[in-house]
Amino acid sequence: MEPCGLDCYNYEIETHIAFIMYPYFYHDGVIRGRCEQYENCGENCAKCPANNYRGLLEKFGANCSSLFNECSLSYKSFDCCKYFLPLITPFGKCFLLNSLQNNKKGSPTWFKSMINPAYQKPIMTINSKRPIQVSILNEEDVPHYALPTVKVEIMQPGQRKSFQFFIENMINDPGVRDISPHYRQCRFADELVDDTGFKAYSFSSCMADCVRQHQMALCNCSAYSLMPTPLAKYPDCDLNGYMCLERNYMVKRDAKPLLPWSDSNHTCTCLPSCTENDIRSVYESNSETEPGAKDLRIDIMMSNLPSERYRRQALRSRLDAVVTIGGILGLFLGASLLSGLEFLYYFTIRLWNDVRRARRQQ
């Protein structure tokens with residue numbers, strides 16, 4: 001094969017690999033459009049990789065040290081790579097801070113983000129070496145195109161941007177757990193669904209699992225980005241598998257047809273998380289560029305500390321049900337819990353004593 005310069009470099013194949021590594025930027029038709037034309041071109045041209053897309057991401061995807069320069073909370077620096085842990089998500093490889101999907105509360109890598117509002121400001125600064133997109137999620141969520149996300153991104157060297165958000169917390173009374181998910185219409189993070197690929201339940205992880213199940217049914221494989229870790233039961237798609245998904249419009253399924261009330265044949269019945277907070281974007285500044293700088297910086301600030309919160313409570317607990325039943329029996333039958341105990345007493349202990357006494361008298 002003769003040496004090939006930039007004039008014959010195959011940018012089509014490079015673009016295909018970019019779509020595989022960054023699934024968020026995928027749009028319908030790009031895999032067949034960029035790969036089928038080179039399948040029969042012989043040995044003198046580059047072809048799309050046939051398999052091992054997860055391995056390509058691990059080999060060529062950014063690692064933490066090549067992405068982060070410096071991180072700080074309330075102007076106090078901390079080790080980015082100790083606390084931002086990698087995870088394969090529907091967006092590709094992401095680095096998550098304090099996520100239940102790849103971390104545990106109380107572990108050495110769980111960042112202590114509590115601050116004292118009396119003298120500390122709720123601001124986090126991320127200084128990066130590459131273009132980044134920062135999403136603000138609940139601790140059980142994963143980035144997913146079916147989930148409206150509060151996010152900010154910077155793309156150019158020297159770019160500076162400020163971003164503000166607001167959060168309203170959700171709390172649950174202890175009695176809520178006693179009610180089944182079907183009736184309370186939500187799930188806690190530890191209430192995992194069957195055959196899930198994630199460590200914590202959330203609406204976004206459920207949607208990823210649901211799409212993966214539809215992909216398996218259609219093409220006998222699934223996109224690697226829907227499984228944080230590989231499982232033999234759900235093989236990753238190779239090139240032929242991705243083409244099958246593309247023919248069925250399942251590589252990156254739109255969110256609307258997945259909703260349970262849509263007319264699609266491939267819907268999902270995912271409940272929301274019981275602990276998800278309401279996060280809203282408040283302000284995003286115009287980009288500013290610092291001349292001569294090569295790094296990129298985002299300042300993320302909570303506009304106001306939470307002053308309200310949502311509360312989910314059980315209107316009837318198990319004890320309430322017992323009290324209600326007892327009240328109804330007492331009202332209509334003149335019975336009570338004590339009457340029930342007396343009933344058991346007369347036909348068990350009292351009956352046994354009477355029989356034993358009669359035998360002694362004989």
Side-chain angles (χ1 to χ4, degrees), residues 24 67-80 82-85 87 89 91 94-101 103 105 110-172 186 189 200 202-204 255 272-290 293 295-312:
Y24 175 70
L67 181 64
F68 292 102
N69 261 334
E70 184 181 4
C71 303
S72 67
L73 176 64
S74 190
Y75 306 110
K76 183 178 180 180
S77 297
F78 63 89
D79 186 352
C80 304
K82 179 180 178 181
Y83 299 104
F84 280 95
L85 305 182
L87 183 75
T89 74
F91 270 46
C94 297
F95 294 88
L96 306 183
L97 176 70
N98 287 2
S99 172
L100 295 178
Q101 300 294 350
N103 206 345
K105 290 184 177 180
W110 190 271
F111 182 62
K112 297 179 180 179
S113 57
M114 297 292 292
I115 63 171
N116 190 332
Y119 61 90
Q120 291 179 305
K121 195 173 182 180
I123 179 172
M124 177 176 287
T125 300
I126 299 177
N127 190 293
S128 71
K129 303 174 183 178
R130 298 186 179 188
I132 60 171
Q133 175 180 292
V134 179
S135 300
I136 302 174
L137 308 169
N138 291 288
E139 61 186 13
E140 68 272 9
D141 272 322
V142 294
H144 196 283
Y145 43 81
L147 180 69
T149 306
V150 176
K151 60 186 178 181
V152 59
E153 59 184 26
I154 48 177
M155 306 300 295
Q156 301 298 326
Q159 190 174 358
R160 307 288 186 258
K161 185 174 285 190
S162 297
F163 179 76
Q164 296 183 11
F165 71 97
F166 179 72
I167 184 171
E168 289 182 326
N169 301 110
M170 169 67 75
I171 61 170
N172 296 272
C186 68
S202 66
F203 178 79
S204 53
S273 170
C274 292
T275 56
E276 66 181 15
N277 302 310
D278 184 19
I279 305 174
R280 298 192 297 269
S281 174
V282 176
Y283 168 76
E284 181 177 342
S285 70
N286 294 325
S287 299
E288 298 180 359
T289 302
E290 183 177 329
D295 62 326
L296 304 90
R297 190 182 69 213
I298 296 179
D299 294 324
I300 305 169
M301 183 185 303
M302 189 179 294
S303 59
N304 293 296
L305 295 177
S307 57
E308 298 178 352
R309 63 184 180 184
Y310 298 104
R311 177 186 177 189
R312 183 181 285 109

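The figures that follow rest on heavy atoms only: side chains count, while hydrogens, waters and symmetry mates do not.
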Closer than 3.5 angstrom, by distance alone: can the side chain of E284 be matched with the main-chain N or O of Q164 as a donor-acceptor pair?
no
Can you pull out every side chain to side chain donor-acceptor pair (under 3.5 Å) where at least one residue sits in residues 298-310? Sequence neighbours excluded, please.
T125-D299, E168-Y310
Using 30° and 60° as the class boundaries, would you call the ring planes of Y24 and F91 parallel, tilted or perpendicular?
parallel
Do you know the tightest heavy-atom contact between P157 and T289?
O-CG2, 4.1 Å
Closest heavy-atom pair and its distance - K161, E153:
NZ-O, 3.3 Å
Under 3.5 Å: donor-acceptor pair, side chain of S202, backbone of S273:
no
To the closest 0.5 Å, what do you measure between CZ (F111) and CG (L73)?
4.5 Å
Does any non-hydrogen side-chain atom of I136 lie less than 4.5 Å from one of F163?
yes
Please list, chain by chain and in numerical order, all residues satisfying salt bridge (Lys or Arg N to Asp or Glu O under 4.0 Å) with K112, sequence neighbours excluded.
none
Is S281 reaching over with its side chain to a backbone N or O of F165, donor-acceptor style, under 3.5 angstrom?
no
Taking C-beta and beyond as the side chain, do R312 and C186 meet within less than 4.5 Å on heavy atoms?
yes
Would you say Q101's side chain and D141's backbone share a donor-acceptor pair under 3.5 angstrom?
no
Donor-acceptor pair, N138 side chain versus N277 backbone, under 3.5 Å?
yes
Heavy-atom closest pair, residues S135 and K151
OG-CB, 3.7 Å
Between R297 and N127, is any pair of side-chain heavy atoms under 4.5 Å apart?
yes
Value rounded to 0.5 Å, distance of CG in L296 from CZ in R130
11.5 Å
Show the nearest heavy-atom pair for residues F203 and P272, with the distance to one decimal.
CB-CA, 4.3 Å
Against I126, only a single residue in I300, V152, N69, I154 fulfils side chain to side chain contact (heavy atoms under 4.5 Å, CB included); can you say which?
I300
Do other residues, nucleotides or ligands put more than 12 heavy atoms under 6.0 Å from Q120 CD?
yes
In terms of side-chain geometry, is the basic nitrogen of R280 or D278 positioned less than 4.0 Å from the acidic oxygen of its partner?
yes
Here the gap from K121 atom NZ to M302 atom CE, rounded to the nearest 0.5 Å, amounts to 13.5 Å
Closest heavy-atom pair and its distance - S204, V142
OG-N, 3.0 Å
Count the heavy atoms of every other residue, nucleotide or ligand shown that sit under 6.0 Å from CG of N116, and state whether that count exceeds 12.
yes
Using a distance-only test with no angle check, is there a side-chain donor-acceptor pair under 3.5 angstrom linking E70 and S77?
yes
Mind checking the CG-CD1 spacing from N169 to I279? Nearest 0.5 Å is all I need.
9.0 Å
Gap separating the OG atom of S128 from the CD1 atom of I298, nearest 0.5 angstrom
6.5 Å
Say whether, by atom type as modelled, one donor and one acceptor occur between the side chain of N103 and the main chain of L85 under 3.5 angstrom.
no
Would you please test F68 and I132 for side chain to side chain contact (heavy atoms under 4.5 Å, CB included) and show each step?
CA-CA 10 Å; F68 292 102; I132 60 171; 5.7 Å; no
I need the R311 CZ to N172 CG distance, nearest 0.5 Å.
10.5 Å
Heavy-atom closest pair (L100 atom, K105 atom, distance to 0.1 Å) is CD2-CG, 4.4 Å
Please work out which of the three classes, parallel, tilted or perpendicular, describes the rings of F78 and F84, given edges at 30° and 60°.
parallel
